[in-house]
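Take a look at the structure below.
Naming convention: chains lettered A, B, ... in sequence-line order (proteins, then strands); numbering from 1 in each chain.
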Amino acid sequence: MNRLQSVRGMHDVLPDEAQLRRRIEQVWMEVAHGFGYEEIRFPLVESTELFRRSIGEATDIVAKEMYTFEDRNEDSLSLRPEGTAGCVRAAIQHGLIPNRQQRLWYLGSFFRHERPQKGRLRQFDQFGVETFGMCGPDIDAEILLLGWQGWQRLGLSPRLVLNTLGNPDERLIWRKQLVEYFSQFESQLEEDDRRRLKTNPLRLLDSKSKSIQDLLEEAPQLENLLGEESRTHFDGLRETLDAHGIDYAIDPRLVRGLDYYDFTVFEWVEESLGAQSALGGGGRYDRLVEQLGGRATPAAGFALGLERIRECLEATATTAVDVYLVALGEEATARMCALGMQLREQMPDLRIRTNMEAGSMKAQLRRADKSGARAVLIMGEEELSQKSVVLKFLRGPEEQQTVLLDNIKSALAEHFAPTG
RNA sequence: GUGAGCGUAGCUCAGUCGGUAGAGCACAGGAUUGUGGCUCCUGAGGUCGCGGGUUCAAAUCCCGUCGCUCACCCCA
């Protein structure tokens with residue numbers, strides 16, 4: 001019988017790392033909160049149809065990376081591979097969209113059946129924001145400012161890469177020109193690139209193959225096809241970013257792999273991560289709401305890969321408790337347990353760990369030391385009869401003292417100032 | 001889906017020419033009875049990823065498989 005293990009590409013998060021993960025999540029939740037965004041939660045499973053219609057049939061995500069299955073009613077369901085589709089579906093279903101502005105954020109797990117590697121898991125966590133009902137470049141700028149504040153608070157400074165994909169008409173023309181251009185060189189193209197030329201020619205732009213990169217030098221540029229609206233939008237976004245002193249680079253080759261983007265697209269990139277270097281990305285998707293059955297509504301958003309962000313941060317986990325409770329003998333153990341409950345009620349910020357499995361004084365103090373506790377309370381026969389407890393400090397020069405049970409709260413309060 | 005490298009104790013790793021396993025850290029107990037950390041002693045802990053093959057004998061050689069890592073691909 002094989003030893004049970006987690007499924008491929010789906011990792012456990014152990015206590016050391018969990019703490020850092022929680023910090024990252026907290027930063028983003030607080031930043032979104034501070035911008036007046038509201039939380040939304042939606043299911044991990046949706047009908048497969050939803051993802052086909054939003055992300056696009058031809059994308060790799062839908063074509064070969066989804067966890068798709070039939071349930072007992074023979075309905076085709078899929079584990080969500082990204083957040084935007086489900087968020088939009090939920091917003092439409094509950095009337096969150098028409099005739100108003102909406103700013104939402106979400107946090108959760110997503111699933112893609114890809115070959116795992118650094119920065120790429122089959123189950124991964126994302127934080128994302130989606131906004132509806134605002135068509136100007138100022139909302140594009142706002143979500144970038146929101147992101148910028150998050151990076152600041154985490155002490156990171158990923159490179160912001162920006163591009164515009166124009167409107168669908170402009171893009172269609174560009175796409176045709178690209179296909180024509182690359183078709184001349186079809187015989188020189190590698191198999192992957194030839195396939196892309198057929199199915200998703202825009203993706204040739206970010207191909208890593210040398211031949212493509214060389215050919216791109218002379219390839220038709222979308223910039224030359226952009227109309228008034230597209231230009232004004234992009235310029236407006238850039239002005240706002242400049243006004244806030246936010247650094248960015250324009251990369252005309254940034255296209256992204258989901259079909260629903262228009263106008264603005266962007267990524268935050270941290271090169272040191274290796275091949276999977278995008279910490280997050282997003283853009284504007286003005287057609288998606290209508291495409292999914294809602295009233296036409298402009299929209300913009302982004303998503304961040306929490307595991308990748310974690311990779312950039314040092315684990316400085318401190319799982320230390322504050323106070324460790326040591327007791328000798330049955331009666332003292334029971335009395336100490338009660339004292340612990342009392343103190344947790346009186347001082348809810350304190351982390352108080354009770355010794356289990358008895359053990360000698362030596363063993364208990366050793367566990368206290370390992371727990372990282374700054375102070376320990378000790379109760380034995382003597383203290384029991386005196387209605388007192390020994391307060392001993394493990395980390396500082398303070399002498400240990402015997403404290404009456406009635407005074408223990410104030411004695412602790414002297415050494416553990418309430419935080420936050 | 002493709003390619004390369006790697007799977008030995010909880011962790012990091014050693015293991016020669018095939019002769020059925022070791023270290024450090026971590027863990028538990030002790031060094032005169034109720035005081036942690038440092039030191040010393042002792043102990044516990046291993047289906048050598050899994051399955052098959054070759055052999056008198058496999059952690060070691062061969063095949064398969066699962067997993068990890070990195071890259072392609074793709075994206076967060």
List, one per line, each side-chain donor-acceptor pair under 3.5 Å for residues 29-47 of chain A, sequence neighbours excluded.
from	atom 1	to	atom 2	distance (Å)
Y37(A)	OH	E142(A)	OE2	2.6
E39(A)	OE2	R41(A)	NE	2.8
E39(A)	OE2	R41(A)	NH2	3.2
E46(A)	OE1	R89(A)	NH1	2.9
E46(A)	OE2	R89(A)	NH1	2.5

For residues 55-68 of chain A, which side-chain donor-acceptor pairs fall under 3.5 Å, sequence neighbours excluded?
from	atom 1	to	atom 2	distance (Å)
T59(A)	OG1	G56(A)	O	2.7
T59(A)	OG1	V62(A)	N	3.4
T68(A)	OG1	S78(A)	OG	2.7

Distance-only donor-acceptor hits, side chain of residues 164-175 of chain A, under 3.5 Å, sequence neighbours excluded:
from	atom 1	to	atom 2	distance (Å)
T164(A)	OG1	G166(A)	N	3.2
T164(A)	OG1	F263(A)	O	3.4
N167(A)	OD1	D169(A)	N	3.0
N167(A)	OD1	E170(A)	N	2.8
N167(A)	ND2	E170(A)	OE2	3.1
E170(A)	OE1	N167(A)	N	2.9
E170(A)	OE1	S230(A)	OG	2.6
E170(A)	OE2	G227(A)	N	2.9
E170(A)	OE2	S230(A)	OG	3.2
R171(A)	NH1	L165(A)	O	3.2
R171(A)	NH1	G166(A)	O	3.3
R171(A)	NH1	D262(A)	OD1	3.3
R171(A)	NH2	Y261(A)	O	3.2
R171(A)	NH2	D262(A)	OD1	2.9
W174(A)	NE1	P220(A)	O	3.0

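For K118(A), the listed nucleotide lying nearest its side chain is A71(B); candidates were C74(B), A76(B), A71(B). Among C75(B), C73(B), G34(B), the nucleotide with an atom closest to any side-chain atom of L328(A) is G34(B).
Contact annotation: H113(A) side-chain N/O to C73(B) OP1/OP2 distance is not under 4.0 Å. A sub-4.0 Å separation between OP1 or OP2 of C75(B) and a side-chain N or O of R203(A) is present. Not one side-chain nitrogen or oxygen of R120(A) sits closer than 4.0 Å to the OP1 or OP2 atom of U69(B). In this structure, Q276(A) does not reach the C75(B) phosphate: none of its side-chain N or O atoms is under 4.0 Å from OP1 or OP2.
A heavy atom closer than 4.0 Å to some atom of RNA chain B occurs in A303(A), G305(A), R308(A), these being the qualifying members of residues 300-308 of chain A.
Across C6(B) and C63(B), the matching P atoms stand 13 Å from one another, rounded to whole Å. When the C1' atom is used for both G64(B) and A26(B), the distance is 36 Å, rounded to whole Å. Spacing of P atoms, C62(B) relative to A4(B), comes out at 15 Å, to the nearest Å. Comparing the P positions of G29(B) and A44(B) gives an interatomic distance of 15 Å, to the nearest angstrom. To the nearest whole angstrom, the two P atoms, one in G46(B) and one in C66(B), are 28 Å apart.
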Checklist entry - Which letter, B, S or -, goes with each nucleotide of nucleotides 35-44 of chain B from 5' to 3', with contact meaning a protein heavy atom under 4.0 Å? => result BBB-------
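The pair D259(A)-R53(A) does not meet the salt-bridge criterion, since no charged nitrogen lies less than 4.0 angstrom from a carboxylate oxygen. Between R120(A) and E307(A) no salt bridge is recorded (no basic side-chain N to carboxylate O distance below 4.0 Å). R366(A) has no carboxylate O lying under 4.0 Å from a charged side-chain N of D369(A), or vice versa, which leaves the two without a salt bridge. Taking 4.0 Å as the cut-off between side-chain N and carboxylate O, R256(A) and E267(A) count as a salt-bridged pair. Ion pair E383(A)/R335(A) not flagged as a salt bridge, since none of the NZ, NE, NH1 or NH2 atoms sits closer than 4.0 Å to an Asp/Glu carboxylate oxygen.
Counting any heavy atom pair closer than 4.0 Å across all strands shown, R256(A) reaches sugar-phosphate atoms only and no base atom. Using a 4.0 Å heavy-atom distance criterion, G282(A) is classed as making no nucleic acid contact. Across all strands shown, G128(A) has no heavy atoms under 4.0 Å from either base or sugar-phosphate atoms. Q364(A) comes within contact range of no nucleotide atom at all, as no heavy-atom separation falls under 4.0 Å. E381(A) comes within contact range of at least one nucleobase, with a heavy-atom separation under 4.0 Å.
How far CG of L377(A) is from NZ of K392(A): 12.5 Å, rounded to the nearest 0.5 Å.
Put simply, the side chain of Q117(A) and the base of C73(B) share a donor and an acceptor less than 3.5 Å apart.
Residue-nucleotide stacking is not present for F110(A) and A76(B), judged by a side-chain ring centre under 5.5 Å from the six-membered base ring centre and planes under 30° apart.
Side-chain contact, E130(A) with Y285(A): a donor N or O sits under 3.5 Å from an acceptor N or O.
Few gaps surround CG on D71(A); more than 12 heavy atoms of other groups in view lie less than 6.0 Å from it.
Taking atom CD on Q123(A) and atom P on C75(B), their separation rounds to 20 Å, with Å as the unit. A straight line from CZ of R115(A) to C1' of C70(B) spans 11 Å, rounded to a whole angstrom.
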Checklist entry - Taking only Watson-Crick and G-U wobble pairs with both distances under 3.5 Å, what dot-bracket line describes RNA chain B, where [ ] shows pairs that cross earlier ones and | shows pairs with another strand? => result (((((((..((((.....[..)))).(((((.......))))).....(((((..]....))))))))))))....
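The residue among W268(A) and S6(A) whose nearest nucleotide of RNA chain B lies closer to the 5′ end is S6(A).
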Item to check | Check against side chain to side chain donor-acceptor pair (under 3.5 Å), R344(A) and T354(A) | outcome: CA-CA 11 Å; R344(A) 288 182 193 107; T354(A) 308; 3.0 Å; yes
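Between W151(A) and W28(A), the ring-plane angle classifies as perpendicular under the 30° and 60° cut-offs.
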